[in-house]
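I have placed the structure first, in the form of structure tokens, so that the comments after it can refer back to it.
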Amino acid sequence: MLLQVDTQSEFRKHYGPIVKITNRYGSPAGQTVFSYRGLIDLSRMGAGSQQALYALSDLKNLFPLKKGARQSRSSL
């Protein structure tokens, strides 16, 4: 859990490599983010808006991350 004045973020394992992040900004109504391994946002839902991102390839091919590694768009 991360805390800052009037801001709270809670990270919980959700399903498989998906992490559920709940952000509260000084009120009970907050924002929920689902991310792949906590690094790549897949969806973001809040009181005023919703956003979903769809990967064009399998994200598991990006991991494990290696220092200096490069991934070309054509191989995704």
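In what follows, residues are counted from 1 in the order of the sequence shown. This is a predicted model, so every value here is computed, not measured.
- Within the structure, every pair that satisfies the salt bridge (Lys or Arg N to Asp or Glu O under 4.0 Å) test and touches residues 38-56, not counting sequence neighbours, is listed here: Asp41-Arg44.
- Atoms CE and CD, from Met45 and Gln51 in turn, are 11.0 Å apart once rounded to the nearest 0.5 Å.
- Leu53 and Leu59 are members of different hydrophobic clusters when ILVMFWY side chains are connected at heavy-atom separations under 4.5 Å.
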- Step by step, work out the side chain to side chain contact (heavy atoms under 4.5 Å, CB included) result for Phe11 and Lys20. CA-CA 6 Å; Phe11 298 76; Lys20 180 181 179 182; over 6 Å; no
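- Atom NE2 of residue His14 and atom OG1 of residue Thr32 lie 10.0 Å apart, to the nearest 0.5 angstrom.
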- Candidate pair Val19 and Phe34, rule side chain to side chain contact (heavy atoms under 4.5 Å, CB included), full reasoning: CA-CA 6 Å; Val19 175; Phe34 291 94; over 6 Å; no
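- Contacts of Asn23 classified as side-chain hydrogen bond (donor to acceptor under 3.5 Å, both in side chains), with partners at least two apart in sequence or in another chain: Ser9, Gln31.
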- Message: Checking Ser35 against Ile21 for the side chain to side chain contact (heavy atoms under 4.5 Å, CB included) test, could you report, in this order, the C-alpha distance in whole Å, the side-chain angles of both residues, the deciding distance, and whether it holds?
- Response: CA-CA 8 Å; Ser35 67; Ile21 305 161; 3.7 Å; yes
